[in-house]
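One structure below.
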Amino acid sequence: MKINKSQYIFISGIILLSFWDFRPITSLFNKNIMIVMSYCWSIFGYFHFRKYLTFPIKCFKNYNWIWIYIFIGVFISMFNAYFFHQQSILTTFFAQRYIYAFIFTPVLFYIQPSLTDIIKAIRNLSYITVLVWLLSIISPTLIGSISEDSIERRISVEKTTDIGYNVTGMYIVIFYIYYLIQRYITKFSYKRFIEALLWISFIFLYQNRSFIIGVLLVFIYSIYKLKSRIKPLIIISIFIICCIALYYTKDIWYSLMNESESQIGNKDYNRWKSLYYYFNEYSPNLWCYLTGNGFPSIGNSSFGNLMDFNMSNGIYASDLGLIGMWTDYGVLPLIGIYFMVLQFLLRKYPLWLKFISFHILLIPTIFHFWQGQGVLFFSLIIYIYAYLNINKLRVVKQKIL
């Protein structure tokens, strides 16, 4: 079976994104089967590409601690669920089965794709994500992640500015957009700039405020850093286009601002309730607060029933993103992630990595790794961090020689 590294990552993405929950496929392969598929596909990559390494595998040994910290955090929290929440170890082991897909990270160390391989893969995954979003507008029932309740609520609303539904794969789209923005900053061309603008426009149409804020701030920065003889003309053109777009989409912006204003000032807003609960009431002791409580299994333990009760009262750990991950797996998994984020921001790395790190630091509540999307996203970040550092070291050694 001949398959290159970019194709391998692309197929890995398809599996980890659960085929975008496309019902004709998920009716044949449920989530459990897809998880097993992701494990098997990772093992296949380990054996298939071992003969085609860019660097000796020992070069990556200094970066193994990042993914090892994740698994140590998961392991400790599994026992915390047993000792402090009376959920059996076996129940917790199966409940958190999605996170074991992080074996994809050390496999990437063995596969050693180039940045070009990764960019090709995330580009193709991003295009499919947009197509799935368009499909959600036409026929939302074809997407399994879109609940019937959300469809009925959308239909019952007389006037709504929402376009389409939330779909899996947006982490990868954001990653790709930041790469496109970097391209026209470093070497401007109309083609690059317009391509990036089209993708940025998609984020605004998607109407997720947590995505919009990060992309908008990065876009403003990119205009400031733009190097072109006709920069004033570009700025004027963008201003005119934005004015026209704002006029025709003013209802959308009014809706987003009104929703934000009502939520910020509302103590009963789910995110505020979740923040207070998980920081003040959830963990039974300081040990669990630091090392996590484990992942609850709804319907299989009293701990899982507590999670179900909390969700019925609007308290979701998923609303808190990486902060919510802390409550399940403790600080260890986050140490590696935030270490990389700060390294990307403070040291000399490509702009697109600085942009995504800025977004993660600014709005951690949108990013998590409970599902395959987050595993894919953070696995790629961990690998790129290791790959760039090893490549820099090799260049330095070559210069010395």
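Scope of the values below: all heavy atoms of this structure, side chains included, with no hydrogens, waters or symmetry mates.
- Applying the salt bridge (charged side-chain N to carboxylate O under 4.0 Å, His left out) rule to pairs touching residues 365-391 yields nothing, sequence neighbours excluded.
- For the pair I9/I111, no side-chain contact is recorded, criterion being any heavy-atom separation below 4.5 Å from C-beta on.
- Side-chain contact between V173 and F202: present, with at least one pair of heavy atoms (C-beta onward) separated by less than 4.5 Å.
- Remark: aromatic rings of F109 and Y63 are distant, center separation not under 6.0 Å.
- No donor-acceptor contact under 3.5 angstrom links the side chains of Y176 and N124, judged on distance only.
- For W199, the side-chain hydrogen bond (donor to acceptor under 3.5 Å, both in side chains) criterion is met by no residue, not counting sequence neighbours.
- No donor-acceptor pair under 3.5 Å is formed between the side chain of S379 and the backbone N or O of L376.
- Here the CG atom belonging to D308 is positioned 5.0 Å from the CD1 atom belonging to I298, to the nearest 0.5 angstrom.
- Taking the six-membered ring where tryptophan is involved, the planes of Y282 and Y277 are tilted, since the angle between them lies from 30° to 60°.
- Between the side chain of N80 and the backbone N or O of C288, no donor-acceptor pair lies under 3.5 Å.
- Within the 4.5 Å cutoff, the side chain of K5 has no heavy atoms near those of the S114 side chain.
- Between S210 and N208, the shortest heavy-atom contact is N-OD1, 3.0 Å.
- Ring orientation note: the planes of F377 and F367 are close to parallel, at an angle under 30° on the 30°/60° scale.
- Proximity of a side-chain donor or acceptor of D319 to a complementary backbone N or O of I315 within less than 3.5 Å is not detected.
- Side-chain atoms of N389 and N62, non-hydrogen and from C-beta on, never get closer than 4.5 Å to each other.
- Remark: side-chain polar atoms of R97 are not paired, donor with acceptor, to backbone N or O of N32 under 3.5 angstrom.
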Exercise for review: Apply side-chain contact (heavy atoms from CB on, under 4.5 Å) to the pair W67 and I103, showing each step before the final yes or no.
Suggested key: CA-CA 8 Å; W67 62 266; I103 62 170; over 6 Å; no

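- Using modelled atom types, one side-chain atom of K273 and one backbone atom of N313 make a donor-acceptor pair closer than 3.5 Å.
- Side chain of Q112 to backbone of F49: no donor-acceptor contact under 3.5 angstrom is found.
- A donor-acceptor pair shorter than 3.5 Å cannot be found between the side chains of T92 and Y82.
- A donor-acceptor pair shorter than 3.5 Å can be found between the side chains of Y178 and H359.
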Under 3.5 Å, sequence neighbours excluded: what are the donor-acceptor pairs made by side chains of residues 328-347?
from	atom 1	to	atom 2	distance (Å)
D328	OD2	W370	NE1	2.8
Q343	OE1	R347	NE	2.9

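- I14 places a side-chain heavy atom less than 4.5 Å from the side chain of F19.
- Taking the six-membered ring where tryptophan is involved, the planes of Y221 and Y224 are tilted, since the angle between them lies from 30° to 60°.
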Check your understanding: Between I203 and I174, is a side-chain contact (heavy atoms from CB on, under 4.5 Å) present by the stated rule, with each step listed?
Key -> CA-CA 8 Å; I203 293 300; I174 291 292; 3.7 Å; yes

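- The structure places CD of Q96 at 8.0 Å from CZ of F295, a figure rounded to the nearest 0.5 Å.
- Ring centroid separation for the pair F75 and F79 comes in under the 6.0 Å cut-off.
- Between the CD1 atom in I3 and the CZ atom in F44 there is a gap of 6.0 Å [rounded to 0.5 Å].
- The salt bridge (Lys or Arg N to Asp or Glu O under 4.0 Å) search around K31 returns D21, not counting sequence neighbours.
- Listed by first and then second residue, the salt bridge (charged side-chain N to carboxylate O under 4.0 Å, His left out) pairs involving residues 113-131 amount to none (not counting sequence neighbours).
- Side-chain contact between S145 and V167 is absent, with no heavy atoms from C-beta onward closer than 4.5 Å.
- With contacts defined as side-chain heavy-atom distances shorter than 4.5 Å, the pair Y110/H48 does not qualify.
- Remark: F60 CZ is packed, more than 12 non-hydrogen atoms of other residues, nucleotides or ligands lying under 6.0 Å away.
- Annotation: W352 is not in aromatic contact with F355 [ring centroid separation under 6.0 Å not met].
- Between F188 and Y190, the distance from one ring center to the other falls under 6.0 angstrom.
- Side chain of Q182 to backbone of L351: a donor-acceptor contact under 3.5 angstrom is found.
- Rounding to the nearest 0.5 angstrom, the gap separating the OH atom in Y8 from the OG atom in S42 is 4.5 Å.
- Judged purely by atom type and a 3.5 angstrom limit, Y100 has no side-chain atom pairing as donor or acceptor with the backbone of I35.
- Counting heavy atoms from C-beta outward, F378 and L322 have side chains that approach closer than 4.5 Å.
- A donor-acceptor pair is defined here as one N or O able to donate and one able to accept, closer than 3.5 Å; no such pair exists between the side chain of S139 and the backbone of L135.
- With sequence neighbours left out, the salt bridge (Lys or Arg N to Asp or Glu O under 4.0 Å) criterion links R183 to E195.
- Taking the centre of each ring, Y387 and F55 come in below the 6.0 Å mark.
- Classified by interplanar angle (parallel below 30°, tilted 30° to 60°, perpendicular above 60°), the ring pair F279/W326 is perpendicular.
- Looking only at distances, no side-chain donor or acceptor of E281 sits under 3.5 Å from a matching main-chain atom of Y276.
- Here the OG-CE distance, from S88 to M78, works out to 10.5 Å after rounding to the nearest 0.5 Å.
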